[in-house]
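Just below is one structure, and these are the notes that go with it.
Chain naming here is simple, since letters A, B, ... match the order of the sequence lines and numbering starts at 1 in each.
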Protein chains: 2
Amino acid sequence: MNKSKERILASAKELFHEYGFQQTSVDEILKKSGVTKSNFYYHFKSKEELGLIILQRFITIYESDVLIKTLGNKSLSPSGRLVEFYNSVKTFHINLENPRGCPFGNMAIEMSGSNENFREKLSAFFNSWEKIIEECINEGMNSGDFRGDLPPGVVAQLILSHLEGAIMMVKTHRSLEPLSSGSETIMRLLKAA
Amino acid sequence: MNKSKERILASAKELFHEYGFQQTSVDEILKKSGVTKSNFYYHFKSKEELGLIILQRFITIYESDVLIKTLGNKSLSPSGRLVEFYNSVKTFHINLENPRGCPFGNMAIEMSGSNENFREKLSAFFNSWEKIIEECINEGMNSGDFRGDLPPGVVAQLILSHLEGAIMMVKTHRSLEPLSSGSETIMRLLKAA
DNA sequence: TTATTAGGACTGTCCAGTCAGTACTAAACA
DNA sequence: TGTTTAGTACTGACTGGACAGTCCTAATAA
C-alpha cells in the first residue's frame with residue numbers, strides 16, 4: 001500500500017541529495033514520482049516535514065548499512081574497521097556519476113543557518129557518528145593498532161571533520177583523489193610508532 | 001564614484017555569506033543596500049555575474065588578508081605560520097555572532113552541482129590555497145619543524161580538507177570547539193618525532 | 001555630453017500550499 | 001441481505017506571493 005508516499009520518498013531522497021533541499025522544488029518531486037500535488041499534501045504537511053523525514057531515513061540507512069557494518073564490525077581489527085569504513089564511503093561516492101557530496105554535510109551547510117530543526121538533527125547525528133568512530137579508535141589504542149598519545153575523542157572528531165571536508169573537495173574537484181589520499185594519510189598518522 | 005555599485009557589493013557579500021547565494025534574493029540585496037532594481041541591472045547583468053564577482057572578491061581579500069599575512073609570513077617559522085593561520089581562521093569565525101561557515105566551502109557545496117562557473121573558480125582556488133599550505137609544510141619539513149616522512153602535498157590536502165570539515169562542524173554545532181581542538185591535533189600529528 | 005542614479009510599473013515563471021470533491025474499501029448495522 | 005458510515009487514497013483547479021529580469025522615463029553629477 002501507500003505506493004504514492006513511497007514514490008515521493010524515493011524521488012525526494014534522490015533529488016535532495018543531487019540538488020539539495022532548497023534547490024529541489026515540490027513540483028520537481030511530483031514530476032519525478034508521478035504523483036499529484038494534492039496527493040503530496042495528503043501525505044506530508046509541508047516540504048519541511050518531508051525534508052526531515054528524508055533526513056531521518058538517510059541517518060537510519062547510513063547507520064545500519066555503513067556504520068554498523070564497518071566501524072561496528074567486531075570481527076575486524078580496529079584499524080581494519082576504519083579501512084573498511086573509508087572503503088565503503090569511497091564506494092558510495094564512486095557509484096554516483098557526478099559527485100553529489102555527503103548528504104549530511106550538504107544539508108548541514110545548506111540548512112544550519114536557517115532552520116533549527118535540521119540543524120539540531122544534524123548536530124546530534126554528527127555527535128553520534130563521532131562516538132562510533134571514537135569507540136573504534138579507543139579500542140585500537142588499547143590494542144596497539146593506533147598510537148595512544150592522543151585522546152580518542154579528539155582523534156574521532158578530527159577524522160569526521162576531515163572526512164566531511166574531503167567529500168566537499170571530491171564534489172568540488174570532481175575527483176575522488178582528496179578522499180582516497182586523505183584517508184590513507186590519516187591511517188598513516190594514526191599508526192602506532 | 002560608483003557608490004551604488006559598492007553598496008551592492010558590500011551588502012551582497014554579507015548576505016551571500018550569511019544565507020548563501022541561492023537563498024539570497026536580488027530584492028533583499030536591494031533592500032539592504034538601498035539601491036533600486038534598475039540601478040542594480042545597470043551595474044550587473046545578472047545575479048550570477050554578481051555572485052561570481054563577490055566570489056572573486058572573497059578570494060582576493062582572503063589571499064591578501066589571511067593567506068599572505070599568516071602562511072606567507074617568512075618572519076615566522078613554518079610551524080609558527082601554521083599556528084597563526086589557524087588563529088586567524090578562528091578569529092574570523094569568532095567575530096560572527098552566529099557561525100556562518102566558510103564562504104568558499106558554503107559556495108562549493110551550494111553551487112558545485114549546478115553551476116560550472118562557480119565550481120571551476122572554487123576548485124582552482126582550493127588548489128592554489130593548498131599550494132600555499134604545501135609550501136609552508138615543505139619548508140617546515142626541511143627545517144625540522146614537521147615530520148618529514150609524508151609528501152608535503154598530501155599533508156597540505158589533508159589540512160585543507162580537515163579545515164573545511166571543521167568549519168562545517170562549527171556551523172552545525174554552533175561551537176568553535178571542533179576547529180580549535182582539531183587544529184591543535186593537526187599540529188601535534190605533524191610535529192617531528 | 002556621458003555616466004550614474006532614481007522611479008515605478010510590468011512580465012512570465014516558479015513557488016509552496018489550499019480546497020472542494022471523488023473513488024474505493026471495509027467494517028457496522030438493520 | 002442490503003444500507004449506512006467512515007476512513008484512506010487520491011484528483012484537478014486554484015491562490016497569492018516571490019522570483020529574476022525588463023522597460024521606459026526622468027533627474028543628477030562629472
Side-chain angles (χ1 to χ4, degrees), chain A residues 1-57 106-107 110-119 121, chain B residues 1-57 106-107 110-119 121:
Chain A
M1 296 303 131
N2 261 343
K3 271 203 302 196
S4 301
K5 190 173 183 179
E6 280 309 314
R7 279 218 307 278
I8 290 169
L9 287 163
S11 303
K13 192 184 153 200
E14 287 296 307
L15 292 167
F16 288 167
H17 189 202
E18 185 159 5
Y19 305 111
F21 176 75
Q22 313 258 17
Q23 288 186 71
T24 301
S25 70
V26 173
D27 286 344
E28 278 169 312
I29 298 167
L30 268 23
K31 196 174 154 194
K32 175 154 184 160
S33 59
V35 166
T36 59
K37 183 163 273 195
S38 24
N39 194 346
F40 177 96
Y41 283 99
Y42 169 74
H43 290 294
F44 305 97
K45 77 173 216 282
S46 64
K47 186 190 174 190
E48 179 186 348
E49 184 189 86
L50 171 65
L52 289 164
I53 291 171
I54 295 284
L55 173 54
Q56 184 55 56
R57 284 206 159 193
N106 291 354
M107 252 188 185
E110 199 190 355
M111 304 302 292
S112 287
S114 59
N115 187 306
E116 274 294 287
N117 292 325
F118 282 88
R119 206 212 100 235
K121 211 173 181 74
Chain B
M1 291 301 135
N2 261 343
K3 269 202 305 195
S4 301
K5 190 173 184 180
E6 281 309 315
R7 279 217 307 279
I8 291 169
L9 286 164
S11 303
K13 191 184 154 200
E14 285 299 305
L15 292 168
F16 288 166
H17 189 201
E18 184 158 7
Y19 304 111
F21 175 76
Q22 313 259 16
Q23 288 186 72
T24 301
S25 69
V26 173
D27 286 345
E28 278 169 312
I29 298 167
L30 267 26
K31 196 175 154 194
K32 175 154 185 160
S33 59
V35 166
T36 58
K37 187 166 269 200
S38 32
N39 194 268
F40 178 95
Y41 283 100
Y42 171 74
H43 290 294
F44 306 98
K45 77 173 216 281
S46 65
K47 187 190 174 191
E48 179 185 348
E49 184 189 85
L50 171 66
L52 288 165
I53 290 172
I54 295 285
L55 173 55
Q56 184 54 56
R57 284 209 159 190
N106 291 354
M107 253 191 185
E110 198 190 356
M111 305 301 291
S112 286
S114 59
N115 188 308
E116 274 294 287
N117 293 324
F118 282 88
R119 204 211 102 237
K121 212 175 181 72

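- Atom CG in B/Leu30 sits roughly 10 Å away from atom P in D/dA20 (whole-Å rounding).
- Atom P of nucleotide D/dA20 and atom CD of B/Glu49 are separated by 15 Å, given to the nearest angstrom.
- Between B/Lys3 and B/Glu6 no salt bridge is recorded (no basic side-chain N to carboxylate O distance below 4.0 Å).
- The phosphate of D/dT11 has OP1 or OP2 within less than 4.0 Å of a side-chain N or O from A/Asn39.
- For the side-chain hydrogen bond (donor to acceptor under 3.5 Å, both in side chains) test, residues two or more places apart in sequence or in another chain that qualify with B/Ser25 are B/Glu28.
- For the pair A/Lys5 and A/Tyr42, the cation does not sit on the ring face, since its NZ or CZ is not both under 6.0 Å from the ring centre and inside 45° of the axis.
- Between the side chains of B/Gln23 and A/Gln22, at least one donor N or O lies within less than 3.5 Å of an accepting N or O.
- In this structure, A/His43 does not reach the D/dT8 phosphate: none of its side-chain N or O atoms is under 4.0 Å from OP1 or OP2.
- Taking atom CD1 of B/Ile29 as the reference point, atom P of D/dG21 lies 10 Å away to the nearest angstrom.
- A donor-acceptor pair under 3.5 Å is absent between the side-chain atoms of B/Ser33 and the main chain of B/Ser11, judged by distance alone.
- Counting any heavy atom pair closer than 4.0 Å across all strands shown, B/Tyr42 reaches a base atom.
- Here B/Ser38 lies in heavy-atom contact (under 4.0 Å) with a base.
- Figure legend: A/Lys47 and A/Phe21 shown as a cation-pi pair, the cationic atom lying under 6.0 angstrom from the six-membered ring centre and within 45 degrees of its axis.
- The side-chain hydrogen bond (donor to acceptor under 3.5 Å, both in side chains) search around B/Lys32 returns none, not counting sequence neighbours.
- Spacing between atom CZ of B/Arg7 and atom P of C/dT4 amounts to 15 Å, rounded to whole angstrom units.
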Write out a two-atom table: protein N or O, nucleotide N or O from nucleotides 14-19 of chain D, distance below 3.5 Å.
none

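- Taking atom CD of residue B/Glu6 and atom P of nucleotide C/dT5, one finds them 10 Å apart after rounding to whole Å.
- Between A/Tyr41 and C/dT18 there is no side-chain N or O to OP1 or OP2 distance below 4.0 Å.
- To the nearest angstrom, P of C/dT4 lies 12 Å from CZ of B/Phe44.
- Across the interface with DNA chain C, nearest-nucleotide mapping of A/Phe40 and B/Thr36 shows B/Thr36 to be the residue nearer the 5′ end.
- Regarding B/Gln23, its CD atom lies at a distance of 12 Å from the P atom of D/dA20, rounded to whole Å.
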